[in-house]
Amino acid sequence: MAYSQRPHGDPGLQPERTSLAWGRTMMALVTVSAIFLRWLPVHGLPILLLFAVSSAAALAIYLTQRRRYGASSRGIHEERVDADVRSVLWTAFAAVMLGGLGIGVVLVG
Amino acid sequence: MTNSERAPRKPAPPSRGKIAERLLPGGEEPDPRFTLANERTFLAWIRTSLALLAGGIAIEAFTSDLFLEPVRKGLAVVLLLLGMLLSAGAAVRWLRVERSMRNKAPLPLPLIVPLLAGAGALAAAVVLVFILWR
């Protein structure tokens, strides 16, 4: 895909690397969702809660990738990137939720 | 503090949004490359904690004929707890690093590094003892 105009001039490709890091995290969440489903017969229905949280988080990353890449390449171009507090806090919140729900499933199930 | 003698040359910076202005107050916008690098480091920690969470859930089923139930549950809870602490710690560290960069202060020491190392060593020791004395 060729851009008629390059979105940014950063030779270190920081926006691309950051976008790929989000993509890896999304894939990790998809993998983790699959692992949760795999142990459905052992842990029972409550594990579906963990599956729901991790796949929702993966979907949320997928749907916001374009916005984040746009913001960071524009930011590199303008030498000013606003810290993405929202994405960071939501991602951490989802992971903490997974841990809490997981402890519940292990202790109760 | 007055700014009257040094009139700002740049126009007022655009709003960064309510949450960002509350959690990351004051200072100046750091180099955008540093902000993105900080974000990637946070994501690497999140992936580490996801691995621990998946391991915690899987250990119970994987090892049902190897470990006694209390050991199995204990290890699972340790892994899940560690995953939780690491992901919360990663968000806190991301905020602290972002604040230090805004204020051009030295970066804080990562508390989650000794946490991960210590808990990893502890879990390995538990498994080792259990396997040797079984």
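A note on names: the letters A, B, ... follow the listed sequences, proteins ahead of strands, and every chain is numbered from 1.
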Checking heavy atoms, do the side chain of [X], its backbone, both or neither come under 4.5 Å from chain B?
X: Leu20(A); result: neither
X: Arg17(A); result: both
X: Ile103(A); result: both

How far apart are the closest heavy atoms of [X] and [Y], and which atoms are they?
X: Ala28(A); Y: Leu50(B); value: CB-CD1, 4.0 Å
X: Ala83(A); Y: Thr35(B); value: CA-CG2, 3.9 Å
X: Arg80(A); Y: Pro32(B); value: N-CG, 3.9 Å
X: Trp94(B); Y: Val85(A); value: CH2-CA, 3.7 Å
X: Val106(A); Y: Gly56(B); value: CG2-O, 4.4 Å
X: Gly99(A); Y: Leu53(B); value: CA-CD2, 3.5 Å

Tell me whether the count of non-hydrogen atoms from other residues, nucleotides or ligands lying under 6.0 Å of [atom1] in [X] goes above 12.
X: Arg67(A); atom1: CZ; result: yes
X: Arg99(B); atom1: CZ; result: yes
X: Phe130(B); atom1: CZ; result: yes
X: Leu63(A); atom1: CG; result: yes
X: Leu128(B); atom1: CG; result: yes
X: Lys104(B); atom1: NZ; result: yes

Measuring heavy-atom distances to chain A, does [X] have an atom under 4.5 Å in its side chain, in its backbone, in both, or in neither?
X: Ile57(B); answer: both
X: Leu81(B); answer: both
X: Leu36(B); answer: both
X: Ala88(B); answer: both

Connected via hydrophobic side-chain network under 4.5 Å: [X] and [Y]:
X: Trp39(A); Y: Val77(B); result: yes
X: Val30(A); Y: Leu48(A); result: no
X: Ile131(B); Y: Val129(B); result: no
X: Leu116(B); Y: Leu111(B); result: no
X: Leu40(A); Y: Leu80(B); result: yes

Check this for me, if you would: do Glu79(A) and Arg33(B) make a salt bridge, where the nitrogen-to-carboxylate-oxygen distance has to be below 4.0 angstrom?
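Here Glu79(A) pairs with Arg33(B) in a salt bridge, since their nearest N and O are under 4.0 Å apart.
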Between Ile46(B), Leu24(B), Ile19(B), Asp31(B), which shows the greatest number of heavy-atom pairs under 4.5 Å with chain A?
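That would be Ile46(B).
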Any sub-3.5 Å donor-acceptor pair from Arg40(B)'s side-chain atoms to Ser19(A)'s backbone N or O?
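A pair under 3.5 Å: no.
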Pairwise side-chain contact, Glu29(B) with Asp82(A), heavy-atom cut-off 4.5 Å (strictly under):
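Glu29(B) reaches Asp82(A) side chain to side chain.
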I'd like to verify something: which residue of [options] has the highest number of heavy-atom pairs under 4.5 Å with chain B?
options: Asp10(A), Val81(A), Thr18(A); value: Thr18(A)
options: Leu50(A), Leu89(A), Leu29(A); value: Leu29(A)
options: Val96(A), Val88(A), Ile76(A), Thr31(A); value: Val88(A)

Go through the steps for Asp84(A) and Glu39(B) under the test side chain to side chain contact (heavy atoms under 4.5 Å, CB included), then give the verdict.
CA-CA 8 Å; Asp84(A) 197 349; Glu39(B) 198 171 300; 3.6 Å; yes
